[in-house]
Every structure is written in C-alpha cells, then in structure tokens.
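Reviewing the structure listed below.
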Amino acid sequence: MTDIRKNYIAGGWITGTAEVENRNPSDLSDLVGTFAQASADQLDQALDAAARAQTEWAGYALERKQAVLMAIGNEMKARAEELGTLLSREEGKPLAEGKGEVFRAGQFFTYYAHEILRQIGENADSVRAGVEIDVRREPVGTVAVISPWNFPTATASWKIAPALAYGNAVLWKPANMTPASAHALTEIIAKQDIPEGLFNLVMGSGRDVGQRLVESPKVDAISFTGSVPVGRGIAQAAIGNFTRVQMEMGSKNALAVMDDADLDLAVSLALGGAFGGTGQKCTASSRIVVQEGIHDAFVKKLVQGAKDMKVGHALEAGTQMGPVVSEDQLRENLSWVDTGKSEGAELACGGTRLEMPHEGYYMSPGVFLNTTNDMKINREEMFAPLTSVIKVGSYDEALATVNDTNFGLTSGIVTTSLARATHFRRNARTGVVTVNLPTAGTDYHVPFGGRGDSSYGPREQGIHAREFYTVVKTAYIAAGTPA
Ligand code: NDP
C-alpha cells in the first residue's frame with residue numbers, strides 16, 4: 001500500500017479525503033511521495049484548535065517559547081544536507097541551492113527565537129495627572145501562511161517563525177507542488193513542546209483549501225507569497241472579514257549595467273540573477289538594462305555564459321541550472337519565447353526544451369537581445385530562465401527604464417561610480433536595491449518587500465515583521481495614592 005503523508009491538524013497526523021502524487025521534475029520516474037489533501041471539515045477543526053492553542057502558547061514563559069524556536073532552527077541547520085536534498089528533488093533547484101535554502105530557513109527560526117526576549121513595550125505619562133500609559137504588543141491570533149513552490153521551505157519559514165515568536169497560532173497551506181518539504185518541516189515542529197493545534201499543516205490546492213482558508217472569519221491574518229492574480233483575490237476575500245494581509249507577489253527586476261562597470265562582474269551578476277533557481281525567483285534579474293558603451297562586449301559574454309551553463313538533474317554534481325518545476329510552467333515559458341519573438345526581440349540563445357537522459361522539464365537558458373521596455377516580455381513576470389537586454393544611452397535613461405514597471409521588488413546597478421551608485425540607491429523605486437551585487441539574495445535580519453504590484457501590507461523579516469504579527473494595546477492606569 002502507498003504510504004500517504006498526512007496533514008497535521010489539532011496535534012494529530014490525519015489522512016484527507018483525497019491525495020496527490022508528487023514527482024521529481026528532474027526525473028519523472030522518481031515518485032517523491034503521495035500527500036493527503038485536507039477536507040473542509042479538517043480545515044475547520046484546525047482553525048478551532050488553533051484558536052484554543054494560541055491562548056495557551058501566548059501564556060508560555062518567554063524562555064520556553066524561545067527553546068521551541070531554537071530547537072526547530074538548530075535541527076533544520078543540522079539536517080540541511082538531508083532536507084536540502086529532498087527540497088531539490090521535489091522542486092528542481094541544484095543541490096547547493098536546496099541545502100542553502102534549508103539552512104537559511106533554520107536561521108529564520110534561530111533569529112526569531114532571540115527576538116522573543118527582545119519584545120519590550122513603551123510607556124508614557126498621561127496628559128491626565130496621576131495616570132500612566134503602557135503600550136504593548138499582543139499576538140494577532142491565528143495566522144494563515146500561504147506559500148509558493150519556488151522557495152518551499154524558506155518562504156514559509158520567514159512567515160512561520162515570526163508568527164510563532166510573536167505568540168500566534170499558524171495554519172500553513174503550502175503549494176501543492178512542493179508538499180514534501182512542508183511535511184518535513186512540520187515533522188520537526190510537531191516534535192516540540194507546543195500546545196496541540198498551535199501549528200497545523202493543511203495540504204491541498206489553492207483553489208480549494210487555500211480559498212476556504214482566506215475566506216474564513218476565524219483567520220486573523222494572512223501572510224501570502226505568490227502571484228499577483230491570486231494575491232488580488234486573497235485581498236478581496238480578506239477585506240470581507242477585515243482580516244489583515246501581507247502579500248509578496250510578482251516582479252520585473254532590472255539590473256542596470258553602466259559603461260564604467262567591471263565587465264566580468266556585471267556578466268556574472270546577470271547570469272546568476274537571471275538563471276539562479278531556473279529563473280523562478282521573485283528577485284530574478286529579468287531585465288538587464290545596459291549602457292551603449294559596454295553593450296556589445298557585455299552581450300557577447302552574457303550569451304556565451306548562458307550557452308555554457310550546465311543544465312541537468314538537480315542532484316547531479318556540476319549542475320548549474322535544474323529543470324523547470326512543472327509541465328505547465330515549461331509550456332508557459334516556451335510560450336513566452338514565442339511572444340518575445342513575435343514582438344521583434346532577437347533570441348540570441350536558449351529558450352528551448354531539452355531532452356536529457358532522465359525525462360524531466362528541462363529548458364535551456366534564453367537571452368533576448370534588442371528588446372524595448374514596452375514589450376510584453378519586459379512588462380509581465382515570466383518566472384522562467386529567460387532574460388532580456390535593453391540598450392540605453394545614459395544613466396538617466398537606465399534609471400527611468402528600471403523604474404518604468406508596475407512592479408518594484410528589487411533592482412541593482414553595476415558601476416564603479418560612487419555618485420551613480422548613491423543616486424541609484426536613492427532613486428530606484430524598489431523595496432530592495434543592490435550595488436555591485438545580484439538582484440537576488442537577501443539577508444534574514446532586515447526587511448524584505450517591494451512597491452507597486454510586488455507587495456501589499458507590512459514588510460516581512462527582521463523586526464519589521466512585528467508590525468504584521470502583533471497588535472498594539474494601549475493601557476491607562478490610574479496610579480492612585482500610596483496609603
Ligand atoms: P500562486 O499565486 O499560484 O500560488 C501561491 C500559493 O497560493 C500556493 O500555495 C497556491 O496553492 C495558493 N493559492 C492559489 N490559489 C489560491 C486561492 N484562490 N486562495 C488561496 N490560496 C491560493 O503562485 P505560485 O505558487 O505559482 O508561485 C509563483 C509566483 O509567486 C510567481 O508569480 C512569483 O513571482 C511569486 N513569488 C513571489 C515572491 C515574493 O516574495 N514577492 C517569492 C516567490 C514567488 P497551490 O499552488 O497549491 O494551488
């Protein structure tokens with residue numbers, strides 16, 4: 001009989017009413033596992049258990065809560081090799097990236113473990129004599145975490161860790177394409193000293209389990225990472241119940257390469273930013289804005305670099321780019337290649353399906369040249385191993401091009417001019433900006449988020465996460481007169 005991986009609801013492992021198979025995108029003959037899908041009743045059960053458990057958890061002594069988060073983080077770091085292998089097997093990113101993601105996810109837990117002891121309120125004198133004011137932060141209640149497949153462990157961890165650290169209960173609805181990583185993290189959390197129902201894993205499709213979750217009045221806050229259309233629907237569902245939302249969505253990040261840039265650095269940043277994670281990153285460099293003086297030399301090396309990239313099985317040594325996550329995603333990517341060509345862009349390399357020894361969703365990294373910023377391939381997120389070069393005449397034109405987008409997550413500049421770097425850092429309209437670094441790759445102790453259609457609601461990560469996971473209470477106390 002098939003071993004079905006279960007949901008974790010109200011402190012118990014429970015089968016659902018249906019299940020889905022999860023296959024390795026590097027090798028479709030490899031069945032990663034079969035995963036239960038939560039039913040509507042089970043979701044309600046989890047929500048009721050979460051509300052009960054949250055009160056108990058919020059009353060735990062600080063060091064007891066801290067020990068829980070620290071144990072989760074330390075175990076993830078210690079098992080980064082094993083869990084990173086599982087992640088790469090189900091998602092398709094090269095092993096080094098999979099291991100790095102699990103280790104980073106562990107760091108979110110250990111970071112927020114420390115934050116538990118740093119929750120200090122404010123106090124003030126009242127405008128009324130003899131009255132004192134105490135301003136403190138309290139948990140929001142039950143948080144729904146809805147995460148995507150592209151960073152199945154890290155994205156969820158940067159939501160779950162602060163949610164728990166600030167005293168909340170969690171219902172986690174992971175992407176149905178990457179349930180194995182979600183199940184593995186849940187096994188670690190379930191072992192800890194937490195009240196039954198504090199943490200629940202509810203696997204299932206977004207349309208079904210996800211939609212029901214975001215419409216529930218029993219959810220106090222929703223932290224979502226995913227696409228713009230789904231985010232828009234979630235915001236609309238949430239407003240009906242006045243549920244607070246935090247959303248990280250699409251992007252169209254640009255890397256600006258100036259004439260004075262170090263050529264080799266610029267090429268390596270562009271290649272890593274465009275094709276790391278098979279281009280399936282919200283921080284990917286999908287527009288490379290290049291000044292005309294360096295353009296030809298840069299393009300020559302960029303195209304050569306893309307052609308030289310070793311595409312292969314995520315778990316094989318030497319693989320630089322793994323497969324695309326699914327057949328649907330691959331089909332969509334190939335249709336972007338057609339769109340680019342029909343708009344007049346020149347496909348200098350790649351952009352085709354690759355046949356490999358294992359059957360999987362392999363695609364060669366593609367570079368579009370001679371593109372303009374008004375083309376669809378430069379306006380909409382492709383989430384593919386495809387990038388576009390846009391030639392510009394000046395720094396001012398480069399900055400204007402970078403900012404000419406509906407999104408605003410990350411942007412970067414490659415330059416040796418301090419004045420340009422400073423001007424860019426201050427005037428790029430993105431939530432994250434980098435100088436001589438890739439557009440992808442951020443720290444865990446500082447805020448992360450974007451502008452425009454990229455984000456909605458308070459920032460994630462670092463102590464800024466507190467804004468979302470807590471509510472402020474103002475208490476007035478009449479001091480009285482000592483007897
Ligand atoms: P989706 O928006 O399709 O899905 C994200 C999550 O939402 C999944 O768990 C999905 O479930 C769930 N979901 C889908 N429909 C609903 C619904 N109606 N109600 C509630 N939940 C729902 O995105 P992808 O998973 O395809 O991820 C890729 C997208 O995520 C890209 O557009 C990318 O830019 C964005 N992203 C943004 C990041 C950021 O920080 N800005 C980081 C990473 C990705 P299921 O898949 O199981 O159906």
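In listed order, ligands and their atoms are each counted from 1.
Those atoms of ligand 1 that come under 4.0 Å of a heavy atom in S147, given as number and element, are 6 (C), 8 (C), 9 (O). Numbered from 1 in the order shown, with element, the atoms of ligand 1 that lie under 4.0 Å from a heavy atom of F448 read 40 (O). Remark: ligand 1 atoms within the under-4.0 Å shell around heavy atoms of Q211 are 17 (C), 18 (N), 19 (N), 20 (C). Close contacts between ligand 1 and G204 involve ligand atoms 47 (O) [criterion: under 4.0 Å to a heavy atom]. Under a 4.0 Å criterion applied to the non-hydrogen atoms of N150, ligand 1 contributes the atoms 43 (C), 44 (C). Heavy-atom proximity to T225, at under 4.0 Å, picks out these atoms of ligand 1: 5 (C), 36 (N), 37 (C), 38 (C), 39 (C), 40 (O), 42 (C), 43 (C), 44 (C). Annotation for ligand 1: atoms under 4.0 Å from non-hydrogen atoms of N176 are 45 (P), 46 (O), 47 (O). Those atoms of ligand 1 with a heavy atom of G250 less than 4.0 angstrom away are 34 (O).
If you check which protein heavy atom lies closest to atom 13 (N) of ligand 1, you get G206 CA, 3.4 Å. The shortest contact between atom 41 (N) of ligand 1 and any protein heavy atom is with M249 O, 2.6 Å. With respect to atom 15 (N) of ligand 1, the closest heavy atom belonging to the protein is V230 CG1, 3.5 Å. Distance from atom 20 (C) of ligand 1 to its nearest protein heavy atom, with residue and atom name: G210 C, 3.2 Å. Nearest protein heavy-atom contact of atom 36 (N) of ligand 1 is G226 O, 3.7 Å. Nearest protein heavy-atom neighbour of atom 25 (O) of ligand 1: W149 CD1, 3.1 Å. Nearest non-hydrogen protein atom to atom 23 (O) of ligand 1 is S227 N, 3.5 Å. Protein heavy atom nearest atom 12 (C) of ligand 1, with residue, atom name and distance: I146 CG2, 3.7 Å.
Between K93 and E101 there is a salt bridge, with a side-chain nitrogen of the basic residue lying less than 4.0 Å from a carboxylate oxygen of the acidic one. A salt bridge between K376 and E343 is absent, with no side-chain N of the basic residue lying under 4.0 Å from a carboxylate O of the acidic one. Between R23 and E90, no side-chain nitrogen of the basic residue sits less than 4.0 Å from a carboxylate oxygen of the acidic one, so the salt-bridge criterion is not met.
Looking only at atom types and distance, the side chain of N176 has a donor-acceptor partner in the side chain of Q37 under 3.5 Å away. A side-chain donor from one of T430 and S411 sits under 3.5 Å from a side-chain acceptor of the other. For the residue pair D328 / S326, no side-chain donor-acceptor distance below 3.5 Å is found, with atom types taken as modelled.
Listed here is the closest heavy atom pair of N168 and V140: OD1-N, 2.7 Å. Of all the heavy atoms in P179 and M203, the pair that sits closest is CB-SD, 3.7 Å.
Remark: the backbone N or O of A165 is paired with a side-chain donor or acceptor of Q119 at under 3.5 angstrom. N253 places a side-chain N or O within 3.5 Å of a backbone atom of T410 that can act as its donor or acceptor partner.
Neither the backbone nor the side chain of F151 comes within 4.0 Å of ligand 1, counting heavy atoms alone. Contacts of P174 with ligand 1, taken as heavy-atom pairs under 4.0 Å, involve the backbone alone.
The aromatic rings of W13 and Y8 sit tilted relative to each other, their planes meeting at an angle between 30° and 60°.
Comparing heavy-atom distances from atom 27 (O) of ligand 1 across A144, S251, P148, G231 singles out P148 as nearest.
Distances between N or O atoms of K173 and those of ligand 1 include at least one value under 3.5 Å. Between C282 and ligand 1, a contact under 3.5 Å exists for no N or O pair. Among the atoms of S205, none of the N or O lies under 3.5 angstrom from an N or O of ligand 1.
At least one cation-pi condition fails for K252 and F407: the charged atom is not both under 6.0 angstrom from the six-membered ring centre and inside a 45 degree cone around its axis.
A ring pair (Phe, Tyr, Trp, His ring centres under 6.0 Å) with W158 holds for exactly one of F448, F468, Y469; it is F448.
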